[in-house]
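Presented below is the structure to which this report refers.
In listed order, ligands and their atoms are each counted from 1.
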Amino acid sequence: MNWDKKDLLGIKELSKEEILLILDTAESFKDISKREVKKVPTLRGKTVITLFYEPSTRTRISFEIAAKRLSADTINISASTSSYVKGETLKDTAKNLESMKPDVIIIRHSMPGAPHMLAKTIYSSVINGGDGAHEHPTQALLDLFTMRQKKGKIDGLKIAIIGDIAHSRVARSNIFALKHFNTEIICSGPPTMMPPYLESLGVKVEYNIDRAVSNADVIMMLRIQKERGGISYIPSIKEYSTMYGLKKEHLTKAKEDVIIMHPGPMNRGIEIMDEVADGPYSVILDQVENGVAVRMAVLYLLLGREM
Ligand code: CP
């Protein structure tokens with residue numbers, strides 16, 4: 001199939017075929033990062049802007065590396081060093097950036113729907129690098145890529161997602177993506193962190209972590225989204241960590257070859273203990289590595305449509 005979308009705004013807008021096209025394209029880009037010269041000329045002459053209104057280590061850097069490995073020019077803008085601090089609106093910032101003819105703007109913003117607004121405003125492609133608690137599409141794509149890489153398939157997997165589901169764009173995007181496949185999804189965490197939309201999507205809710213991870217192929221841990229008020233939904237960090245922090249003993253209940261995932265940043269000792277984060281079942285750094293290939297694929301598909 002051919003890619004025909006201008007933007008990547010959310011997983012909800014993608015078909016199963018489009019998700020598989022991105023994952024398969026990412027496979028073909030993975031080896032480039034292992035070469036001595038990690039660069040191909042595919043996007044030479046293209047300009048990629050990252051416009052981040054929220055902090056990021058993985059997403060921003062891996063988009064920049066992905067663009068550079070495809071020979072695109074990259075410009076990084078963060079809110080604190082932009083005219084946002086002088087009161088410029090997002091729309092004005094976008095129109096001004098558009099005047100300089102970038103090919104794609106990757107935006108992260110605390111406001112759900114900010115990338116969608118941008119996509120309607122400008123002709124350049126827009127990629128959602130995370131919008132509030134709404135969506136984080138490239139995170140879900142790299143998560144599925146990692147599941148497929150480690151398990152050889154996505155269909156048939158039992159996936160436990162544990163933590164602050166209500167405020168997590170990673171959980172939402174993963175659930176939208178995994179629903180295209182024949183997967184069993186179980187969410188676990190305090191009742192106050194379980195959003196009402198889960199039931200309508202056919203996602204099971206299990207408040208007991210031991211039962212949630214039982215027989216799981218994949219355990220995906222999420223941090224408490226303090227920046228979205230997550231902390232006010234629990235009695236105390238200590239209590240949360242005791243009840244929902246992933247410890248070595250939980251893994252004995254899961255499948256023998258379970259993989260442990262976390263989108264980062266991790267809050268060690270709260271939602272995940274060192275023994276698990278750094279243990280043999282952890283694929284957390286593989287997720288980060290795969291993020292580069294997946295973002296190369298997304299940039300290639302969006303910008304390649306006009307080449
Ligand atoms: N997973 C993720 O979005 O990490 P960053 O916030 O560091 O980009």
Worksheet item: Do Glu206 and Lys158 pass the salt bridge (Lys or Arg N to Asp or Glu O under 4.0 Å) test, and can you show the C-alpha distance, the side-chain angles, and the key distance before you say yes or no?
Response: CA-CA 13 Å; Glu206 171 55 69; Lys158 178 176 177 181; over 6 Å; no

Between ligand 1 and the protein, find all N/O pairs closer than 3.5 Å and give the distance for each.
| unit_1 | atom_1 | unit_2 | atom_2 | d |
| --- | --- | --- | --- | --- |
| ligand 1 | 1 (N) | Gln139 | OE1 | 3.0 |
| ligand 1 | 1 (N) | Pro263 | O | 2.8 |
| ligand 1 | 1 (N) | Gly264 | O | 3.4 |
| ligand 1 | 3 (O) | Thr59 | OG1 | 3.0 |
| ligand 1 | 3 (O) | Arg108 | NH2 | 2.9 |
| ligand 1 | 3 (O) | His136 | NE2 | 2.8 |
| ligand 1 | 4 (O) | Arg58 | NE | 3.0 |
| ligand 1 | 6 (O) | Arg108 | NH1 | 2.9 |
| ligand 1 | 7 (O) | Thr57 | N | 2.7 |
| ligand 1 | 7 (O) | Arg58 | N | 2.9 |
| ligand 1 | 7 (O) | Arg58 | NE | 3.1 |
| ligand 1 | 7 (O) | Arg58 | NH2 | 2.9 |
| ligand 1 | 8 (O) | Ser56 | OG | 2.6 |
| ligand 1 | 8 (O) | Thr59 | N | 2.9 |
| ligand 1 | 8 (O) | Thr59 | OG1 | 2.7 |
| ligand 1 | 8 (O) | Arg108 | NH1 | 3.4 |
| ligand 1 | 8 (O) | Arg108 | NH2 | 3.3 |

Fill in: Close side-chain approach of Gln287 and Arg58, heavy atoms under 4.5 Å
no

Worksheet entry | Lys204, NZ: over 12 other non-hydrogen atoms inside 6.0 angstrom | no

Discussion item. Counting only heavy atoms not in Glu275 (residues, nucleotides, ligands), do more than 12 fall under 6.0 Å from its CD?
Written reply: yes

Worksheet item: Pick from Ile175, Asp143, Asp164: which one makes a side-chain contact (heavy atoms from CB on, under 4.5 Å) with Val170?
Response: Asp143

Discussion item. Checking Asp257 against Lys151 for the salt bridge (Lys or Arg N to Asp or Glu O under 4.0 Å) test, could you report, in this order, the C-alpha distance in whole Å, the side-chain angles of both residues, the deciding distance, and whether it holds?
Written reply: CA-CA 9 Å; Asp257 59 348; Lys151 297 287 168 191; 3.4 Å; yes

